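I have placed the structure first, in the form of C-alpha coordinates, so that the comments after it can refer back to it.
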Amino acid sequence: TETVPIPEPPGLPLIGHITSIDQTYPLGSFMDLAEKHGDIYRLRLPGRTVVVCSNHALVDELCNEKRFKKVPAGALKEIRDGVHDGLFTAYLEEPNWGIAHRVLMPAFGPISIRGMFDEMHDIATQLTMKWARYGSSNPILATDDFTRLTLDTLALCAMGFRFNSFYTQDLHPFIDAMGDFLTESGAKTQRPPLPAWFYRNQEEKFRSDIATLRKTAEEVLEERKSGESARKDLLAAMLKGVDPKSGVSMTDQSIIDNLITFLIAGHETTSGLLSFTFYELLKNPTVYRKAQEEVDRVVGKGPIKVEHMSKLPYISAILRETLRLDSPIPMISVQAIEDTLLGGKYPVHTGEPCVMMIKKSHTDPLVYGEDSLEYKPERMMDENFEKLPKNAWKPFGNGVRGCIGRPFAWQEAVLVMVMLLQNFNFVLDDPNYSLRHKQTLTIKPNGFYMRAILRDGLT
Ligand code: HEM
(Lines give C-alpha, C1' and ligand atoms only; values in the text may rest on other atoms or scores of the structure.)
Protein backbone atom coordinates (compact mmCIF):
# COMPACT_ATOMS: atom_id res chain seq x y z
CA THR A 1 0.00 0.00 0.00
CA GLU A 2 0.97 3.60 -0.60
CA THR A 3 1.46 5.30 2.74
CA VAL A 4 0.93 9.00 3.35
CA PRO A 5 2.53 10.92 6.22
CA ILE A 6 0.09 12.30 8.78
CA PRO A 7 -0.29 16.07 8.27
CA GLU A 8 1.48 18.22 10.86
CA PRO A 9 0.84 21.91 11.46
CA PRO A 10 4.00 24.03 11.31
CA GLY A 11 5.72 24.04 14.73
CA LEU A 12 8.68 25.57 16.50
CA PRO A 13 11.97 23.75 17.12
CA LEU A 14 12.28 22.25 20.62
CA ILE A 15 8.82 23.20 21.86
CA GLY A 16 6.90 21.88 18.87
CA HIS A 17 3.24 22.79 18.80
CA ILE A 18 2.73 23.78 22.41
CA THR A 19 2.22 27.42 21.47
CA SER A 20 -0.63 26.42 19.14
CA ILE A 21 -2.61 25.17 22.15
CA ASP A 22 -4.64 27.65 24.16
CA GLN A 23 -3.77 27.14 27.84
CA THR A 24 -7.25 27.81 29.19
CA TYR A 25 -9.28 26.06 26.50
CA PRO A 26 -7.10 23.42 24.79
CA LEU A 27 -10.17 21.72 23.28
CA GLY A 28 -10.87 24.85 21.21
CA SER A 29 -7.38 24.68 19.75
CA PHE A 30 -7.71 20.99 18.92
CA MET A 31 -11.00 21.77 17.16
CA ASP A 32 -9.54 24.71 15.21
CA LEU A 33 -6.58 22.59 14.14
CA ALA A 34 -8.99 19.95 12.83
CA GLU A 35 -10.78 22.61 10.77
CA LYS A 36 -7.47 23.69 9.35
CA HIS A 37 -5.56 20.42 8.92
CA GLY A 38 -8.33 17.90 8.54
CA ASP A 39 -9.70 14.83 10.28
CA ILE A 40 -6.24 13.50 11.11
CA TYR A 41 -3.20 15.46 12.19
CA ARG A 42 -0.17 15.02 14.46
CA LEU A 43 1.02 17.39 17.17
CA ARG A 44 4.45 17.50 18.77
CA LEU A 45 4.22 18.37 22.46
CA PRO A 46 7.06 18.30 25.02
CA GLY A 47 8.09 14.68 25.38
CA ARG A 48 5.31 13.21 23.27
CA THR A 49 3.47 13.30 19.98
CA VAL A 50 -0.23 12.82 19.54
CA VAL A 51 -2.32 11.89 16.51
CA VAL A 52 -5.73 13.58 16.61
CA CYS A 53 -8.62 11.82 14.82
CA SER A 54 -11.84 13.70 14.28
CA ASN A 55 -14.27 11.75 12.09
CA HIS A 56 -16.38 8.68 12.76
CA ALA A 57 -14.45 6.30 10.49
CA LEU A 58 -11.14 7.01 12.24
CA VAL A 59 -12.66 6.94 15.74
CA ASP A 60 -14.26 3.62 14.82
CA GLU A 61 -10.78 2.26 14.05
CA LEU A 62 -9.40 3.58 17.34
CA CYS A 63 -12.22 1.75 19.16
CA ASN A 64 -10.88 -1.58 17.91
CA GLU A 65 -9.41 -3.03 21.10
CA LYS A 66 -7.30 -5.51 19.14
CA ARG A 67 -5.38 -2.61 17.57
CA PHE A 68 -5.53 0.13 20.23
CA LYS A 69 -5.66 0.32 24.01
CA LYS A 70 -6.29 3.10 26.50
CA VAL A 71 -3.30 5.09 27.62
CA PRO A 72 -3.54 7.52 30.52
CA ALA A 73 -2.18 10.56 28.68
CA GLY A 74 -2.14 14.29 29.36
CA ALA A 75 -3.87 15.25 32.62
CA LEU A 76 -4.87 11.63 33.33
CA LYS A 77 -1.20 10.71 33.53
CA GLU A 78 -0.52 13.50 36.03
CA ILE A 79 -3.52 12.41 38.12
CA ARG A 80 -1.73 9.11 38.67
CA ASP A 81 0.46 10.95 41.19
CA GLY A 82 -2.63 11.09 43.40
CA VAL A 83 -4.59 7.94 42.60
CA HIS A 84 -1.99 5.66 40.99
CA ASP A 85 -3.45 2.60 39.29
CA GLY A 86 -7.06 3.40 40.26
CA LEU A 87 -9.61 2.34 37.64
CA PHE A 88 -9.63 5.57 35.66
CA THR A 89 -5.88 6.14 35.46
CA ALA A 90 -4.49 2.58 35.32
CA TYR A 91 -2.67 1.02 32.42
CA LEU A 92 -4.56 -2.02 31.24
CA GLU A 93 -1.69 -4.32 32.24
CA GLU A 94 -1.61 -3.21 35.86
CA PRO A 95 -3.03 -6.04 38.00
CA ASN A 96 -4.96 -3.66 40.26
CA TRP A 97 -7.05 -2.53 37.30
CA GLY A 98 -8.33 -6.05 36.64
CA ILE A 99 -8.91 -6.79 40.31
CA ALA A 100 -10.84 -3.55 40.94
CA HIS A 101 -12.75 -3.92 37.66
CA ARG A 102 -13.98 -7.41 38.49
CA VAL A 103 -14.75 -6.60 42.13
CA LEU A 104 -16.63 -3.43 41.23
CA MET A 105 -18.61 -4.42 38.12
CA PRO A 106 -21.46 -5.99 40.15
CA ALA A 107 -21.47 -2.99 42.50
CA PHE A 108 -22.30 -0.78 39.52
CA GLY A 109 -24.89 -3.24 38.20
CA PRO A 110 -28.61 -2.43 37.90
CA ILE A 111 -29.73 -3.88 41.26
CA SER A 112 -27.05 -2.12 43.17
CA ILE A 113 -27.71 1.23 41.44
CA ARG A 114 -31.45 0.95 42.14
CA GLY A 115 -30.51 0.49 45.78
CA MET A 116 -28.86 3.91 45.69
CA PHE A 117 -32.02 5.66 44.56
CA ASP A 118 -33.12 6.87 48.01
CA GLU A 119 -29.78 8.48 48.78
CA MET A 120 -29.68 10.10 45.34
CA HIS A 121 -33.19 11.37 46.03
CA ASP A 122 -32.08 12.77 49.39
CA ILE A 123 -29.39 14.96 47.81
CA ALA A 124 -31.57 15.97 44.84
CA THR A 125 -34.17 17.18 47.36
CA GLN A 126 -31.54 19.37 49.00
CA LEU A 127 -30.94 21.03 45.64
CA THR A 128 -34.64 21.66 44.99
CA MET A 129 -35.14 23.07 48.49
CA LYS A 130 -32.24 25.44 48.00
CA TRP A 131 -33.53 26.71 44.66
CA ALA A 132 -37.08 27.04 45.97
CA ARG A 133 -35.89 29.25 48.82
CA TYR A 134 -33.54 31.15 46.58
CA GLY A 135 -36.55 32.67 44.84
CA SER A 136 -37.15 33.38 41.21
CA SER A 137 -35.32 36.69 41.01
CA ASN A 138 -31.88 35.39 41.97
CA PRO A 139 -29.62 34.11 39.20
CA ILE A 140 -28.33 30.59 39.80
CA LEU A 141 -24.89 29.59 38.55
CA ALA A 142 -26.18 26.20 37.45
CA THR A 143 -22.88 24.39 37.18
CA ASP A 144 -21.81 25.26 40.74
CA ASP A 145 -24.93 23.84 42.33
CA PHE A 146 -24.91 20.80 40.06
CA THR A 147 -21.33 20.17 41.17
CA ARG A 148 -22.41 20.35 44.85
CA LEU A 149 -25.15 17.87 43.95
CA THR A 150 -22.95 15.37 42.14
CA LEU A 151 -20.16 15.48 44.72
CA ASP A 152 -22.51 15.03 47.65
CA THR A 153 -24.35 12.23 45.83
CA LEU A 154 -21.16 10.35 45.05
CA ALA A 155 -19.69 10.68 48.53
CA LEU A 156 -22.95 9.52 50.09
CA CYS A 157 -23.60 6.61 47.72
CA ALA A 158 -19.98 5.49 47.49
CA MET A 159 -18.99 5.64 51.13
CA GLY A 160 -21.81 7.00 53.29
CA PHE A 161 -20.03 10.32 53.74
CA ARG A 162 -21.86 13.68 53.79
CA PHE A 163 -20.04 16.72 52.46
CA ASN A 164 -23.19 18.78 53.14
CA SER A 165 -22.20 21.21 50.40
CA PHE A 166 -25.66 22.78 50.33
CA TYR A 167 -25.49 23.70 54.00
CA THR A 168 -22.02 25.15 54.34
CA GLN A 169 -20.57 28.41 53.10
CA ASP A 170 -17.13 26.97 52.48
CA LEU A 171 -16.79 23.72 50.60
CA HIS A 172 -15.27 20.77 52.45
CA PRO A 173 -11.42 20.87 52.34
CA PHE A 174 -11.46 17.64 50.33
CA ILE A 175 -13.41 19.39 47.56
CA ASP A 176 -11.07 22.38 47.42
CA ALA A 177 -8.07 20.06 47.40
CA MET A 178 -9.57 17.97 44.61
CA GLY A 179 -10.38 21.02 42.48
CA ASP A 180 -6.84 22.38 42.83
CA PHE A 181 -5.30 18.95 42.30
CA LEU A 182 -7.21 18.51 39.01
CA THR A 183 -6.43 22.03 37.81
CA GLU A 184 -2.74 21.56 38.50
CA SER A 185 -2.77 18.14 36.79
CA GLY A 186 -4.07 19.84 33.66
CA ALA A 187 -1.73 22.84 33.94
CA LYS A 188 1.31 20.55 34.19
CA THR A 189 0.66 19.26 30.68
CA GLN A 190 0.62 22.77 29.20
CA ARG A 191 3.86 24.11 30.61
CA PRO A 192 7.15 24.59 28.85
CA PRO A 193 9.65 21.96 30.04
CA LEU A 194 11.72 24.07 32.44
CA PRO A 195 13.81 22.68 35.32
CA ALA A 196 11.72 21.45 38.24
CA TRP A 197 12.61 24.28 40.64
CA PHE A 198 10.78 26.76 38.41
CA TYR A 199 7.58 25.02 39.45
CA ARG A 200 8.53 24.13 43.03
CA ASN A 201 5.70 26.14 44.64
CA GLN A 202 3.08 24.52 42.44
CA GLU A 203 4.62 21.13 43.18
CA GLU A 204 4.47 21.68 46.92
CA LYS A 205 0.79 22.66 46.74
CA PHE A 206 0.12 19.66 44.48
CA ARG A 207 1.66 17.29 47.04
CA SER A 208 -0.25 18.84 49.93
CA ASP A 209 -3.56 18.56 48.03
CA ILE A 210 -2.88 14.90 47.35
CA ALA A 211 -2.18 14.41 51.07
CA THR A 212 -5.54 16.02 51.94
CA LEU A 213 -7.41 13.78 49.50
CA ARG A 214 -5.78 10.61 50.76
CA LYS A 215 -6.11 11.50 54.42
CA THR A 216 -9.87 12.08 54.06
CA ALA A 217 -10.41 8.81 52.19
CA GLU A 218 -8.22 6.95 54.66
CA GLU A 219 -10.25 8.25 57.61
CA VAL A 220 -13.49 7.09 55.99
CA LEU A 221 -11.96 3.68 55.35
CA GLU A 222 -10.59 3.31 58.89
CA GLU A 223 -13.89 4.33 60.43
CA ARG A 224 -15.75 1.77 58.33
CA LYS A 225 -13.31 -0.97 59.23
CA SER A 226 -13.56 -0.24 62.94
CA GLY A 227 -17.36 -0.28 63.23
CA GLU A 228 -20.28 -2.44 62.30
CA SER A 229 -21.92 -0.91 59.28
CA ALA A 230 -24.85 -2.41 57.41
CA ARG A 231 -24.34 -0.10 54.43
CA LYS A 232 -24.25 -1.73 51.01
CA ASP A 233 -22.32 0.94 49.18
CA LEU A 234 -19.28 0.93 46.90
CA LEU A 235 -16.92 0.99 49.86
CA ALA A 236 -18.60 -2.12 51.30
CA ALA A 237 -18.31 -3.84 47.92
CA MET A 238 -14.59 -3.08 47.84
CA LEU A 239 -13.99 -4.27 51.39
CA LYS A 240 -15.95 -7.49 51.04
CA GLY A 241 -15.33 -8.30 47.39
CA VAL A 242 -13.05 -11.06 46.20
CA ASP A 243 -11.74 -11.07 42.64
CA PRO A 244 -13.17 -14.25 41.05
CA LYS A 245 -10.14 -14.57 38.78
CA SER A 246 -7.20 -14.20 41.17
CA GLY A 247 -8.98 -14.93 44.46
CA VAL A 248 -7.50 -11.79 46.05
CA SER A 249 -9.19 -8.77 47.61
CA MET A 250 -8.43 -5.12 47.02
CA THR A 251 -5.68 -3.63 49.17
CA ASP A 252 -6.36 -0.60 51.38
CA GLN A 253 -4.23 1.49 49.04
CA SER A 254 -6.26 0.44 46.03
CA ILE A 255 -9.53 1.11 47.88
CA ILE A 256 -8.35 4.63 48.71
CA ASP A 257 -7.21 5.16 45.12
CA ASN A 258 -10.64 4.15 43.85
CA LEU A 259 -12.70 6.08 46.40
CA ILE A 260 -10.96 9.25 45.26
CA THR A 261 -11.24 8.10 41.64
CA PHE A 262 -15.05 7.85 41.81
CA LEU A 263 -15.26 11.39 43.10
CA ILE A 264 -12.91 12.64 40.39
CA ALA A 265 -14.46 10.71 37.51
CA GLY A 266 -18.06 11.08 38.52
CA HIS A 267 -18.70 14.62 39.72
CA GLU A 268 -17.65 17.05 36.99
CA THR A 269 -18.91 14.79 34.23
CA THR A 270 -22.42 14.44 35.62
CA SER A 271 -22.53 18.09 36.64
CA GLY A 272 -21.48 19.09 33.11
CA LEU A 273 -24.16 16.85 31.60
CA LEU A 274 -26.90 18.47 33.72
CA SER A 275 -25.65 21.99 33.04
CA PHE A 276 -25.44 21.52 29.27
CA THR A 277 -28.87 19.89 29.28
CA PHE A 278 -30.55 22.84 30.99
CA TYR A 279 -28.79 25.22 28.62
CA GLU A 280 -30.15 23.28 25.64
CA LEU A 281 -33.68 23.15 27.10
CA LEU A 282 -33.66 26.91 27.54
CA LYS A 283 -32.44 27.46 23.99
CA ASN A 284 -34.94 24.99 22.52
CA PRO A 285 -38.42 25.79 23.90
CA THR A 286 -40.19 23.03 21.95
CA VAL A 287 -37.86 20.42 23.43
CA TYR A 288 -38.35 21.94 26.87
CA ARG A 289 -42.15 21.75 26.52
CA LYS A 290 -42.07 18.12 25.38
CA ALA A 291 -39.77 17.21 28.30
CA GLN A 292 -42.04 18.85 30.84
CA GLU A 293 -45.08 17.16 29.28
CA GLU A 294 -43.42 13.78 29.60
CA VAL A 295 -42.59 14.37 33.25
CA ASP A 296 -46.13 15.58 33.99
CA ARG A 297 -47.65 12.59 32.19
CA VAL A 298 -45.42 9.86 33.65
CA VAL A 299 -44.71 11.17 37.13
CA GLY A 300 -47.31 13.87 37.67
CA LYS A 301 -47.34 15.72 40.98
CA GLY A 302 -46.66 12.74 43.18
CA PRO A 303 -43.40 11.40 44.57
CA ILE A 304 -40.73 10.28 42.10
CA LYS A 305 -40.08 6.56 42.34
CA VAL A 306 -37.29 4.38 41.04
CA GLU A 307 -39.83 2.68 38.72
CA HIS A 308 -40.26 5.95 36.83
CA MET A 309 -36.62 6.01 35.81
CA SER A 310 -37.03 3.63 32.85
CA LYS A 311 -40.31 5.16 31.64
CA LEU A 312 -39.07 8.50 30.36
CA PRO A 313 -37.86 7.93 26.80
CA TYR A 314 -37.80 11.60 25.84
CA ILE A 315 -35.72 12.57 28.88
CA SER A 316 -33.26 9.79 27.92
CA ALA A 317 -33.11 11.09 24.36
CA ILE A 318 -32.40 14.59 25.67
CA LEU A 319 -29.49 13.39 27.78
CA ARG A 320 -28.08 11.39 24.87
CA GLU A 321 -28.35 14.34 22.51
CA THR A 322 -26.64 16.62 25.03
CA LEU A 323 -23.78 14.15 25.39
CA ARG A 324 -23.49 13.99 21.61
CA LEU A 325 -22.99 17.73 21.16
CA ASP A 326 -21.25 18.46 24.45
CA SER A 327 -19.49 15.47 25.91
CA PRO A 328 -17.96 16.44 29.24
CA ILE A 329 -15.03 14.23 28.20
CA PRO A 330 -14.48 15.34 24.61
CA MET A 331 -11.20 13.54 23.91
CA ILE A 332 -10.13 9.99 24.73
CA SER A 333 -6.55 8.75 24.39
CA VAL A 334 -5.46 5.34 23.16
CA GLN A 335 -2.19 3.98 21.81
CA ALA A 336 -1.36 1.63 18.97
CA ILE A 337 -0.61 -1.91 20.13
CA GLU A 338 1.52 -2.51 17.00
CA ASP A 339 2.67 -0.43 14.04
CA THR A 340 -0.45 0.14 11.99
CA LEU A 341 -2.09 2.23 9.28
CA LEU A 342 -5.01 4.52 10.05
CA GLY A 343 -7.50 5.08 7.26
CA GLY A 344 -5.57 2.44 5.30
CA LYS A 345 -2.65 4.81 4.61
CA TYR A 346 -1.46 6.86 7.59
CA PRO A 347 1.34 5.07 9.50
CA VAL A 348 1.18 5.16 13.29
CA HIS A 349 3.96 3.50 15.27
CA THR A 350 3.68 1.15 18.24
CA GLY A 351 2.84 3.00 21.43
CA GLU A 352 2.06 6.32 19.76
CA PRO A 353 -0.81 8.11 21.52
CA CYS A 354 -3.86 8.75 19.35
CA VAL A 355 -6.80 10.87 20.41
CA MET A 356 -10.44 10.18 19.61
CA MET A 357 -11.86 13.64 19.18
CA ILE A 358 -15.41 12.62 19.96
CA LYS A 359 -16.55 16.21 20.17
CA LYS A 360 -15.98 16.24 16.40
CA SER A 361 -16.83 12.66 15.44
CA HIS A 362 -20.18 13.19 17.21
CA THR A 363 -21.07 15.75 14.54
CA ASP A 364 -19.77 13.82 11.54
CA PRO A 365 -22.29 14.66 8.77
CA LEU A 366 -21.82 11.17 7.27
CA VAL A 367 -23.44 9.77 10.40
CA TYR A 368 -25.66 12.57 11.66
CA GLY A 369 -26.54 14.35 8.43
CA GLU A 370 -26.29 17.97 7.38
CA ASP A 371 -28.09 19.13 10.54
CA SER A 372 -25.50 17.38 12.74
CA LEU A 373 -24.76 20.57 14.68
CA GLU A 374 -28.38 21.10 15.67
CA TYR A 375 -29.89 19.95 18.94
CA LYS A 376 -32.57 17.40 18.08
CA PRO A 377 -33.32 14.81 20.77
CA GLU A 378 -35.71 13.04 18.38
CA ARG A 379 -32.70 11.50 16.63
CA MET A 380 -31.80 9.85 19.93
CA MET A 381 -35.15 8.15 20.63
CA ASP A 382 -34.57 4.40 21.13
CA GLU A 383 -35.63 3.37 17.63
CA ASN A 384 -33.12 5.79 16.03
CA PHE A 385 -30.43 5.43 18.66
CA GLU A 386 -30.29 1.67 18.18
CA LYS A 387 -29.72 2.15 14.46
CA LEU A 388 -26.67 4.39 14.80
CA PRO A 389 -23.49 2.97 13.28
CA LYS A 390 -21.12 1.31 15.71
CA ASN A 391 -19.01 3.74 17.75
CA ALA A 392 -20.91 6.78 16.49
CA TRP A 393 -21.80 7.83 20.08
CA LYS A 394 -18.97 7.44 22.59
CA PRO A 395 -19.46 9.88 25.50
CA PHE A 396 -18.81 7.05 27.98
CA GLY A 397 -15.64 5.82 26.34
CA ASN A 398 -14.91 2.44 24.84
CA GLY A 399 -14.82 -1.29 25.54
CA VAL A 400 -13.40 -2.65 28.79
CA ARG A 401 -12.17 0.85 29.65
CA GLY A 402 -15.58 2.40 29.14
CA CYS A 403 -17.26 4.20 32.02
CA ILE A 404 -18.10 1.91 34.94
CA GLY A 405 -20.24 4.69 36.46
CA ARG A 406 -22.62 5.07 33.52
CA PRO A 407 -25.71 3.53 35.18
CA PHE A 408 -24.99 5.60 38.28
CA ALA A 409 -24.73 8.82 36.28
CA TRP A 410 -27.84 7.99 34.26
CA GLN A 411 -30.07 7.33 37.24
CA GLU A 412 -28.84 10.48 38.95
CA ALA A 413 -29.28 12.66 35.86
CA VAL A 414 -32.79 11.38 35.06
CA LEU A 415 -33.87 11.77 38.68
CA VAL A 416 -32.61 15.34 38.90
CA MET A 417 -34.15 16.32 35.56
CA VAL A 418 -37.51 14.96 36.66
CA MET A 419 -37.41 16.61 40.06
CA LEU A 420 -36.44 19.98 38.62
CA LEU A 421 -38.92 19.94 35.74
CA GLN A 422 -41.66 18.81 38.08
CA ASN A 423 -41.08 21.65 40.52
CA PHE A 424 -39.81 24.63 38.54
CA ASN A 425 -40.07 26.62 35.36
CA PHE A 426 -36.63 27.76 34.34
CA VAL A 427 -35.59 30.82 32.38
CA LEU A 428 -32.22 32.09 31.21
CA ASP A 429 -31.00 34.89 33.44
CA ASP A 430 -29.58 36.67 30.39
CA PRO A 431 -31.75 35.83 27.38
CA ASN A 432 -28.80 36.67 25.11
CA TYR A 433 -26.41 34.24 26.78
CA SER A 434 -24.92 31.82 24.32
CA LEU A 435 -22.78 28.88 25.25
CA ARG A 436 -19.19 29.42 26.32
CA HIS A 437 -17.04 26.53 27.49
CA LYS A 438 -14.80 26.12 30.47
CA GLN A 439 -12.17 23.40 30.55
CA THR A 440 -10.75 21.75 33.63
CA LEU A 441 -10.37 17.98 33.53
CA THR A 442 -13.73 18.04 31.75
CA ILE A 443 -15.78 20.55 29.79
CA LYS A 444 -18.61 22.56 31.34
CA PRO A 445 -20.57 25.67 30.40
CA ASN A 446 -18.95 28.93 31.47
CA GLY A 447 -21.01 31.70 33.07
CA PHE A 448 -24.36 29.97 32.52
CA TYR A 449 -26.96 31.49 34.86
CA MET A 450 -30.61 30.55 35.03
CA ARG A 451 -33.51 31.40 37.30
CA ALA A 452 -35.91 28.93 38.89
CA ILE A 453 -39.60 29.80 39.28
CA LEU A 454 -41.68 27.44 41.41
CA ARG A 455 -44.56 25.91 39.42
CA ASP A 456 -46.82 25.30 42.43
CA GLY A 457 -45.56 24.37 45.83
CA LEU A 458 -42.67 21.96 46.22
CA THR A 459 -43.64 18.35 45.55
C1 HEM B 1 -14.39 6.09 32.61
C2 HEM B 1 -17.45 9.47 30.89
C3 HEM B 1 -19.86 9.41 35.13
C4 HEM B 1 -16.47 6.51 36.98
C5 HEM B 1 -15.02 7.01 31.79
C6 HEM B 1 -14.63 7.30 30.42
C7 HEM B 1 -15.47 8.25 29.95
C8 HEM B 1 -16.42 8.56 31.01
C9 HEM B 1 -15.43 8.90 28.57
C10 HEM B 1 -13.44 6.69 29.67
C11 HEM B 1 -12.23 7.55 29.83
C12 HEM B 1 -11.02 7.10 29.05
O13 HEM B 1 -11.11 6.26 28.15
O14 HEM B 1 -9.93 7.60 29.36
C15 HEM B 1 -18.37 9.73 31.90
C16 HEM B 1 -19.50 10.63 31.75
C17 HEM B 1 -20.19 10.61 32.93
C18 HEM B 1 -19.47 9.70 33.82
C19 HEM B 1 -19.83 11.42 30.48
C20 HEM B 1 -21.44 11.33 33.34
C21 HEM B 1 -22.33 11.81 32.53
C22 HEM B 1 -19.17 8.61 35.99
C23 HEM B 1 -19.55 8.32 37.36
C24 HEM B 1 -18.58 7.53 37.89
C25 HEM B 1 -17.60 7.29 36.85
C26 HEM B 1 -20.81 8.85 38.05
C27 HEM B 1 -18.44 6.92 39.27
C28 HEM B 1 -19.42 6.63 40.04
C29 HEM B 1 -15.63 6.15 35.95
C30 HEM B 1 -14.49 5.25 36.12
C31 HEM B 1 -13.90 5.13 34.86
C32 HEM B 1 -14.68 5.95 33.95
C33 HEM B 1 -14.05 4.59 37.43
C34 HEM B 1 -12.70 4.27 34.49
C35 HEM B 1 -13.17 2.90 34.08
C36 HEM B 1 -12.03 1.96 33.71
O37 HEM B 1 -11.15 2.34 32.94
O38 HEM B 1 -12.04 0.84 34.21
N39 HEM B 1 -16.12 7.78 32.12
N40 HEM B 1 -18.38 9.21 33.15
N41 HEM B 1 -17.99 7.95 35.72
N42 HEM B 1 -15.71 6.54 34.65
FE43 HEM B 1 -17.13 7.77 33.88
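All values derive from a computational prediction rather than experimental measurement. In listed order, ligands and their atoms are each counted from 1.
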Protein residues having a heavy atom less than 4.0 Å from any atom of ligand 1: K70, L76, L87, F88, W97, F108, L154, A265, G266, T269, T270, L273, I329, I332, P395, F396, G397, R401, G402, C403, I404, G405, F408, A409
All side-chain contact (heavy atoms from CB on, under 4.5 Å) counterparts of K66, not counting sequence neighbours: N64
Non-hydrogen side-chain atoms of C354 and V348 separated by less than 4.5 Å: yes
salt_bridge(K359, D326) N-O dist < 4.0 Å: yes
Residues D257 and R214 bridged, charged N to O under 4.0 Å: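 Looking at D257 and R214, the cut-off is met.
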ring-ring contact (aromatic ring centres under 6.0 Å, His included) partners for Y375, two or more places apart: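 Once residues adjacent in sequence are excluded, Y375 has no partner under the ring-ring contact (aromatic ring centres under 6.0 Å, His included) criterion.
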Sequence-distant partners of F163, ring-ring contact (aromatic ring centres under 6.0 Å, His included), two or more places apart: F161, H172, F174
